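Remarks on the structure that follows.
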Amino acid sequence: MPRLVARAKRLPVPEPLQPLALGPRHLSLLSYLLLDGPMTVNELAARLEVAPTTVSLLLAELSEKGVLERRADETDRRRRIVSITGSARPAIERWLSPGAAAWRGALADLTPAQRLLFVDTLRAYESGVGTT
């Protein structure tokens with residue numbers, strides 16, 4: 001597990017994104033938006049397991065840098081939908097897509113039951129680390 005985390009942290013940030021000082025705190029947020037598509041602040045907060053205000057601060061920072069955009073939800077104008085900007089998307093894909101492809105490849109030959117066991121094992125590890 002430490003090798004996996006260390007390797008993920010060493011993924012080089014693509015040159016167009018380097019001046020933006022993106023770091024590990026941005027990695028998960030950008031991964032969710034890249035892999036799962038646009039979502040609301042509350043959806044991001046739930047996935048990241050942080051308060052919506054924390055997500056709002058990250059969004060403000062990344063919006064100011066031109067990485068993210070917020071638009072009104074077509075069905076509920078009070079809600080904002082967050083997405084990666086078209087100009088930032090290619091560099092973010094180059095940065096994060098290899099990790100997603102590696103997971104897909106590693107899990108491809110597993111049965112659904114085996115995948116569930118793997119995910120459950122990772123969750124148990126995460127829970128155990130949080131209590132020790």
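Source: prediction; values computed, not measured.
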### Query
Glu69 side chain to Val82 main-chain N or O, any donor-acceptor pair under 3.5 Å?
no
### Query
Is Thr121 reaching over with its side chain to a backbone N or O of Leu117, donor-acceptor style, under 3.5 angstrom?
yes
### Task
Go through the structure and list residues passing salt bridge (Lys or Arg N to Asp or Glu O under 4.0 Å) with Asp76, not counting sequence neighbours.
Arg78
### Query
So which heavy atom on Arg77 is nearest to which on Ala72, and how close?
NH1-CB, 3.2 Å
### Query
Listed by chain and number, what are the side chain to side chain contact (heavy atoms under 4.5 Å, CB included) partners of Ala102, not counting sequence neighbours?
none
#### Entry: Between OG on residue Ser63 and CG on residue Leu58, distance to nearest 0.5 Å
10.5 Å
### Task
Could you pull out all residues at least two apart from Ser87 that satisfy side chain to side chain contact (heavy atoms under 4.5 Å, CB included)?
Thr85
### Query
Mind checking whether Ile81 and Leu62 sit in one hydrophobic cluster, side chains of I, L, V, M, F, W, Y counted as touching below 4.5 Å?
no
### Message
Quick one, Glu126 and Leu122 - any side-chain contact, counting heavy atoms below 4.5 Å?
### Response
no
### Spacing of CG belonging to Leu27 relative to CG belonging to Leu22, to within rounding of 0.5 Å
9.5 Å
#### Entry: Atom pair CD (Gln18) and CH2 (Trp95), whose distance is rounded to the nearest 0.5 Å
10.5 Å
### Query
Do any pairs count as a salt bridge (charged side-chain N to carboxylate O under 4.0 Å, His left out) and have a residue in residues 26-37, sequence neighbours left out, and if so which ones?
Asp36-Arg47
### Summary
Scanning both residues in full, the closest heavy-atom pair of Ala91 with Pro14 reads O-CG, 3.2 Å
#### Entry: Min side-chain heavy-atom separation Thr40-Arg80 under 4.5 Å
no
### Query
Please, which pairs that meet salt bridge (charged side-chain N to carboxylate O under 4.0 Å, His left out) have at least one residue in residues 53-64, sequence neighbours excluded?
Arg25-Glu61, Glu61-Lys65
### Task
Under the side chain to side chain donor-acceptor pair (under 3.5 Å) rule, collect the residues that match up with Arg79, sequence neighbours excluded.
Asp73
### Query
Got a sec, which residues hit ring-ring contact (aromatic ring centres under 6.0 Å, His included) with Phe118, two or more places apart in sequence or on another chain?
Trp103
### Query
By side chain to side chain donor-acceptor pair (under 3.5 Å), which residues pair with Ser31, not counting sequence neighbours?
none
### Task
Please identify each residue that fulfils side chain to side chain contact (heavy atoms under 4.5 Å, CB included) with Thr111, with sequence neighbours left out.
Ala113, Gln114
### salt bridge (Lys or Arg N to Asp or Glu O under 4.0 Å) partners for Arg115, two or more places apart
none
### Message
Can you confirm whether Pro38 sits close enough to Arg71 that some side-chain heavy atom of one is under 4.5 Å from a side-chain heavy atom of the other?
### Response
yes
### Task
Please tell me if the side chains of Leu34 and Ser97 come closer than 4.5 Å, counting only heavy atoms from C-beta onward.
yes
### Summary
Sorted by chain and residue number, the side chain to side chain contact (heavy atoms under 4.5 Å, CB included) partners of Val55 (sequence neighbours excluded) come out as Leu29, Val41, Leu44, Ala45, Leu48, Val50, Leu59
### Query
Under a 4.5 Å cut-off applied to non-hydrogen side-chain atoms, are Leu30 and Leu68 in contact?
yes
### Query
Can you list every salt bridge (charged side-chain N to carboxylate O under 4.0 Å, His left out) pair that touches residues 90-110, not counting sequence neighbours?
Arg89-Glu93
